[in-house]
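Written below as structure tokens is the structure these notes are about.
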Amino acid sequence: MLAGRTAQDVAASIVEACGTAVTRRGHPLERLYRDARCGSLHPATTDVCADWLGLAALGADPEADADVARW
């Protein structure tokens with residue numbers, strides 16, 4: 001719960017620092033902002049987290065297949 005609240009605080013700080021441009025698709029901070037704001041409404045499932053962490057641990061880029069719907 002604390003991590004989720006901290007993420008929301010960071011997302012709010014991002015908007016204060018960068019403006020609403022961070023919500024624009026393709027902005028480097030857009031995913032962070034979106035996940036922090038919406039993560040509490042629709043959190044990732046355990047298997048999605050395990051998949052993402054497993055790819056990252058193996059040195060693969062979990063974001064590499066962005067056009068493939070993983071979740």
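Please read all numbers here as calculations on a predicted model, not as lab measurements.
Applying the side chain to side chain contact (heavy atoms under 4.5 Å, CB included) test between His27 and each of Thr20, Ile14, Val22 identifies Val22 as the sole match.
Here the OH-CD distance, from Tyr33 to Gln8, works out to 10.0 Å after rounding to the nearest 0.5 Å. Here the CG atom belonging to Asp61 is positioned 9.0 Å from the CG atom belonging to Leu55, to the nearest 0.5 angstrom.
The heavy-atom pair separating Glu30 from Thr23 by the smallest distance is CG-O, 4.0 Å.
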